[in-house]
Amino acid sequence: MHKIADDLKTKTGWELIKTAYHASDAIGDGTRFLIGNGYLGYRGTFAENTKEDYVACVVTDTWDNADGKWEELVTVPNALWTTLSVDGTPFSVKTHHGAFEKTLDLKGALNHSSVSHTFNHGATVSVKESKFASYALKHVVAMRYEVATDQAVDIAITTGIDSDVWSMNGNHFAKSDYFIHEGDYGVNITTTTAKDTIIVLEKTVWPEDAKVDTKAPKRKAHLHITPDKPCVFEKFMIVVTSNDVTHPLDVAKDLYRKIYGFEALKKAHSAAWDALWTMHDIEIEGNLADQLGVRFNLYHALIATPVHKALPIGARGLSCQAYQGAAWWDGEIYNMPMYLFTNPLIAKNLLIFRHKTLDGARAKAKRLGYEGAFYPWVSGKRGEELCPDFFFKDVLTGRDIRNHFNVWQIHVSMDIAYAVMQYYHATQDHAFMEDYGIEMLLEIARFTASRVVWIPHRNRYEIHQVLGPDVYHENIDNNAFTNWMARYALKVAIDALETFSSETIKRVKKTIQLRDDEITLWHDIIDKLMIPSPNKAGVIEQFDHYFDLETVLPASKLKERLIDEGEYYGWPNGIAVYTQCIKQADVIQLMVLFRNQFTEATHQANIDYYEPRTLHFSSLSPSTNAIGAARANRMALSETLFRHSLNIDLLNTKKSVTGGTFIGGSHTAANGATWQMVMFGFLGLTMEGDGLVFHPRLPQSWTRVKTTMYFRDQTIIVTADKATLYLKRRAMSMAPISVSVLNRNYTLHDTLKISIEKS
Ligand code: IFM
């Protein structure tokens, strides 16, 4: 057993094992041991738990606004709720945890827990729970509940549907009616503002000799168990909504009929996960903790990703309602890259969601006096801005703070243009561009052009009053990241106009009524937009006058200035505002996106400058800096930040509740960026022209890393150790791929074995 933390272990890097129960870990463990399938997420709680223990089953595409302020995904009634009593005494993990083990099986995407207790009369009774959110039948969560004993005892199992759910912002059940279906119960819900129908139906499989009282939605079964006759009880929770199908009740009943048992369902689930791991696994030799950390993060990235529909990956995935299950720039910049190179259909889905929400982005631009598509900072289902004007509270005065994420954080539109081009580059999917991509690029360029300002005395365009990725500094001008991205967005729009067939372009131009004078303006902005470039020391200034701000080094020292632990560090008067301390990667973010356009020396100058000034308070930050540091050949720093990022959810290093508000849950950007840290950071992967570039620099302890990637319809197995990079193509009949490794060019026909040893 390899120790990960005091009470966390792994055997093979495929499982996370927790060996002690602590009541205070309820929130963290609910997230750590989460099960999910991109349709729903079921927190890693115990069957007996209730809303006080943060039990939740969060379902995609159920946005509803119950309190008039926050639109969020709904947490549905818990149909797995089950309690046990032994000879009349309630058995609870909270009080009876003699021998305890909780495991997240990453390979099979299941969680197990086992708890045992010796009662006063001498009997030792153990309860084993296994659960999975079926990847094969996305509407089903399955549970196997086993009670074993070393002496004969009478037990009572109570089970039912617990509708008293944990919901962050109001009660979403405007109406909820119980119904009986073949001796089991279901609940038919109508949500508050969306008026969606949600059906939750239980299916119970009792042991043959159970005496079941079927009168109430919470039913009790009495059993006599002996050492050679444990009780095995199975329960299934079926969830279907009117956003999935027209007749959710019929579909739920149909699924009820199709479920035969835990093992049969598990077989199909395991097969689906085997296929997922074939596409996404990264095998690491030499460091078992890193291996576990990488797989744990990939697992959480996968369970957060809807594949059944074009929907976003929420910033907290399906682990809770925090961050509203909405689309943030995280989706394009942190989650999508992995899918680009493993399963581009998912990347396409994420982008189609952005196309579906173009009208919302157009409406936002218009409302604020701009043109084109200004995507929401926090996007709802129709592209409506969900980010409220008042996000944080000033804890010293109790007053709301007007943050401007929803009006000044304009880079989200350009990030989407970047993602469209990354997708196109990786796939050459012309049809996607013709149907969706070009229109998005042109509308984003249009917005960009309407957002720049012409400064006659400087003879240039500038971009004023923005926030870059570092959210602490608001109302800044010429943010390097934003200006670069703006020029990029205009360039790719012009490229699209020049490269796609005139017929397509004519059609799209007509659809969006794009005028030629607009295109002329785009050319002019590309030529004359202020682009912050490296100073003499090679450092790019994050925004105008950033270098004049106070230097506080290391950034962590800033904390000493807090009057109250809960103070917000940013705009307008937070302790970071007049300093160079930043919340998260900003210039480094830019350099990571365009990593091959900067020399190693420039990467070094900037990582050396900015990383010590970065607080890494955003879960997005360590991963980006880890990649930047690897590009800069600052490998020790890169490794530290890599592990910092890996551990965010694994060791639950972030606050779960702040000022009484739940902000816990999985950090899907960090989960998704794990793939990037290995591939873009340690293997130095980028796309260039029609080929791939590698610049491998493995962590000290790694002896080998192996993964499978996908590029332009071809599957490539990538293996690297300290001496060799080994590439093998699966589809030999296709055109060879050009590859550059450590600045030397090769052609990949069948296999390539390249020495990467330092000379
Ligand atoms: O998108 C991020 C942002 O960059 C920092 N705060 C949290 C958001 C959601 O993850």
Side-chain angles (χ1 to χ4, degrees), residues 31 70-73 168 297 300-301 304-305 312-337 350 354 375-380 385-388 390-392 401 403-416 418-419 466-474 476 479 481-482 485 542 568-571 574 576 581-590 592-593 610 614-625 627 645 648-649 653-656 658-659 661-674 676:
T31 300
W70 294 97
E71 188 157 324
E72 62 190 1
L73 295 177
M168 280 178 54
N297 277 276
H300 277 280
T305 304
I313 301 171
R316 295 289 180 271
L318 298 167
S319 65
C320 63
Q321 293 162 304
Y323 288 86
Q324 301 163 268
W328 301 65
W329 73 305
D330 308 27
E332 282 74 24
I333 303 299
Y334 284 79
N335 300 103
M336 210 184 89
L350 295 173
R354 292 301 197 174
Y375 278 93
W377 180 240
V378 182
S379 176
E385 180 61 82
L386 298 186
C387 183
F390 299 95
F391 205 84
F392 295 110
I401 300 175
N403 289 108
H404 301 85
F405 313 133
N406 56 3
V407 285
W408 296 344
Q409 198 136 21
I410 64 170
H411 67 80
V412 54
S413 280
M414 297 109 190
D415 303 335
I416 293 168
Y418 177 87
V466 298
L467 282 109
D470 157 36
V471 287
Y472 285 163
H473 295 91
E474 300 194 17
I476 54 166
N479 167 242
F481 179 87
T482 307
M485 293 299 277
Q542 187 172 307
Y568 179 57
Y569 277 49
W571 167 277
C581 295
I582 57 177
K583 182 179 180 190
Q584 64 201 92
D586 197 301
V587 169
I588 300 301
Q589 182 72 69
L590 164 72
V592 164
L593 295 189
Y610 283 107
T614 308
L615 290 151
H616 298 299
F617 284 171
S618 163
S619 60
L620 280 59
S621 193
S623 56
T624 305
N625 277 276
I627 300 168
S645 183
I648 291 174
D649 289 335
T653 59
K654 293 264 174 214
K655 275 192 198 160
S656 295
T658 183
T661 303
F662 187 92
I663 52 158
S666 58
H667 296 76
T668 51
N671 302 148
T674 298
Q676 297 188 47

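Remember, it's 1-based here, ligands and their atoms both numbered in the order they're listed. Position 1 is the first residue of the sequence, and the numbers go up from there. Just so you know, these numbers come straight off a predicted model, no measurement behind them.
The backbone N or O of S645 sits nowhere less than 3.5 Å from a side-chain atom of H667 that would complete a donor-acceptor pair. Checking side-chain atoms of Y610 against main-chain N and O of V587 turns up no donor-acceptor pair under 3.5 Å. In terms of modelled atom types and a separation under 3.5 Å, the side chain of N335 and the main chain of T668 share a donor-acceptor contact. Side-chain N or O atoms of Y323 include none that pairs as donor or acceptor with a backbone N or O of G665 at under 3.5 Å.
At the shortest separation from atom 7 (C) of ligand 1 among protein heavy atoms lies Y323 CE2, 3.8 Å. For atom 5 (C) of ligand 1, the nearest non-hydrogen atom of the protein is Q584 OE1, 3.5 Å. Among protein heavy atoms, atom 1 (O) of ligand 1 sits closest to D330 OD1, 2.6 Å.
Within ligand 1, the atoms closer than 4.0 Å to a non-hydrogen atom of W328 are 1 (O), 8 (C), 9 (C), numbered from 1 in the order shown. Using a 4.0 Å cut-off to heavy atoms of W329, the atoms of ligand 1 that qualify are 1 (O), 2 (C), 3 (C), 4 (O). Within ligand 1, the atoms closer than 4.0 Å to a non-hydrogen atom of K583 are 6 (N), numbered from 1 in the order shown. Residue A315 has at least one heavy-atom neighbour below 4.0 Å for each of these atoms of ligand 1: 9 (C), 10 (O).
Note: W329 and Y334 have perpendicular aromatic rings, judged against thresholds of 30 and 60 degrees for the angle between ring planes. Under the 30°/60° scheme for interplanar angles, the aromatic rings of F405 and W377 are found to be tilted.
Residue contacts with ligand 1 for H667 are absent, since no atom lies close enough (heavy atoms, distance under 4.0 Å). Residue contacts with ligand 1 for V471 are absent, since no atom lies close enough (heavy atoms, distance under 4.0 Å).
Remark: of the listed residues Q584, K583, Q542, Q542 is the sole one forming a side-chain hydrogen bond (donor to acceptor under 3.5 Å, both in side chains) with D470.
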